[in-house]
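Any value given below was found using the heavy atoms of this structure, including those in side chains, with hydrogens, waters and symmetry copies removed. Count residues from 1 along the sequence.
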Amino acid sequence: MKIEIIGAGSLGLLLAGKLIRSGAGVRLWCRSGEQCAALAEAGLAISHIDGREPVFIPGSEIEAVPISEFPRLYPESPGDWLVLTVKQGVLHGTLPELLGPLRESEVNVLCLQNGWGHMELLQKLLPAASLYAAVTTEGARRESPVRVVHAGAGQTSIGLWGKGETVRNQAAIRMADTLRSAGFSVLLSNEVKAMIFRKLAINAVINPLTAIWRIPNGELLSTELRVRMMRELYEETAAVYEACGIAYEDSLWNDILEVCRATSGNHSSMLADVLSSRETEIRWINGSLVALAEQAGVDVTAHQWVIRMVEGMFVKER
């Protein structure tokens with residue numbers, strides 16, 4: 001199996017390294033030629049916070065290509081799967097043009113984005129493709145273009161999107177088995193939308209507050225004031241879900257608290273973006289909830305407030 005991974009950030013590097021080590025064929029599409037050159041020269045190092053032995057992939061075993069070459073090179077030798085690990089901003093900004101040549105392709109696409117709205121976009125861009133949404137709790141932190149830390153093993157759930165079919169087809173089963181062989185815990189699910197909305201709620205409560213206060217996840221529980229702010233975001237989210245007919249478990253609030261405890265030392269992806277002066281995904285996380293709230297006539301003042309606070313931290317270069 002040949003797997004094309006678009007996005008060489010934390011999750012993309014983690015997936016690529018572990019898949020290559022397990023014997024899978026991987027081509028990694030990077031934002032810059034400089035990262036491709038660095039990977040070829042230095043290889044890829046994966047360390048683990050639980051003390052497991054680091055993984056090193058020599059540069060000679062890594063096929064890394066600048067994403068600008070994708071429209072030219074991919075059609076000449078397409079892979080079996082296209083795995084998208086880029087963030088929502090890239091997906092909505094530059095990827096539509098790059099994926100243009102695949103409009104009529106029946107390629108299998110696995111999408112690992114946070115938030116809401118990306119699957120509908122890809123459905124329009126790639127109407128002939130088999131789209132799979134993935135929700136993962138794998139923790140990864142990129143330390144450099146050639147070093148990534150596996151910050152915590154998690155669960156990855158994969159579901160087929162938009163065709164009303166069961167996810168248990170041969171292509172999905174083979175992909176899940178390939179990921180398991182690489183050391184990932186994978187489930188195939190027919191409840192993909194429920195998975196996405198569950199993770200959306202968790203991210204919408206945890207990520208913006210950790211980014212604003214610049215604290216790891218566990219410190220959200222350290223004061224009553226912080227927990228109260230979390231609860232306010234949660235209650236607005238639950239009101240939106242109820243108004244829109246989106247099902248959620250009664251345990252969702254406790255699940256959010258448990259995520260904070262289980263990942264107490266982790267920095268959320270939004271905090272990592274803020275600390276690196278990168279644009280965040282808040283408009284596709286909390287922003288998507290605000291859009292749903294506007295359609296349903298629900299007040300979400302707290303979500304609007306955190307969006308303004310987080311977006312105000314990022315200044316685009318002129």
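Formation of a donor-acceptor pair under 3.5 Å by the Gln35 side chain with backbone atoms of Ala8 is found in this model. Judged by distance alone, with hydrogens and angles left aside, the side-chain atoms of Ser251 form no donor-acceptor pair with the main-chain N or O of Asn254 at under 3.5 Å. The closest donor-acceptor contact from the side chain of Glu236 to the backbone of Ala302 lies under 3.5 Å. When atom types are taken as modelled, the side chain of Glu279 and the backbone of Asp273 share no donor-acceptor pair closer than 3.5 angstrom. Judged by distance alone, with hydrogens and angles left aside, the side-chain atoms of Gln88 form a donor-acceptor pair with the main-chain N or O of Asn114 at under 3.5 Å. In terms of modelled atom types and a separation under 3.5 Å, the side chain of Glu4 and the main chain of Val26 share no donor-acceptor contact. Listed for the Ser157 side chain is no donor-acceptor partner under 3.5 Å among the backbone atoms of Leu187.
The ring-ring contact (aromatic ring centres under 6.0 Å, His included) contacts involving residues 264-313 comprise His92-Trp284, where partners must be two or more places apart or lie in separate chains. Screening residues 42-63 for ring-ring contact (aromatic ring centres under 6.0 Å, His included), with sequence neighbours left out, gives His48-His150.
Taking the six-membered ring wherever Trp is involved, the centroid distance between the rings of Trp116 and Phe197 falls below 6.0 Å.
A search for side chain to side chain donor-acceptor pair (under 3.5 Å) contacts involving Glu242 returns Tyr248, not counting sequence neighbours. Contacts of Ser47 classified as side chain to side chain donor-acceptor pair (under 3.5 Å), with partners at least two apart in sequence or in another chain: none. Partners of Ser276 according to the side chain to side chain donor-acceptor pair (under 3.5 Å) rule, which considers only residues two or more places apart in sequence or in another chain, are Arg278.
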Please report, to 0.1 Å, the donor-acceptor pairs under 3.5 Å made by any side chain of residues 220-228, with sequence neighbours excluded.
unit_1, atom_1, unit_2, atom_2, d
Ser222, OG, Glu219, O, 2.7
Ser222, OG, Arg226, NH1, 2.9
Thr223, OG1, Arg226, N, 3.2
Arg226, NH1, Glu219, O, 2.8

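The structure places CD of Glu281 at 8.5 Å from CG of Asn203, a figure rounded to the nearest 0.5 Å.
Test Leu15, Leu11, Leu112 against Ile5 for side chain to side chain contact (heavy atoms under 4.5 Å, CB included) and you get one pass: Leu15.
Between Met175 and Val83, some side-chain heavy-atom pair lies under the 4.5 Å cut-off.
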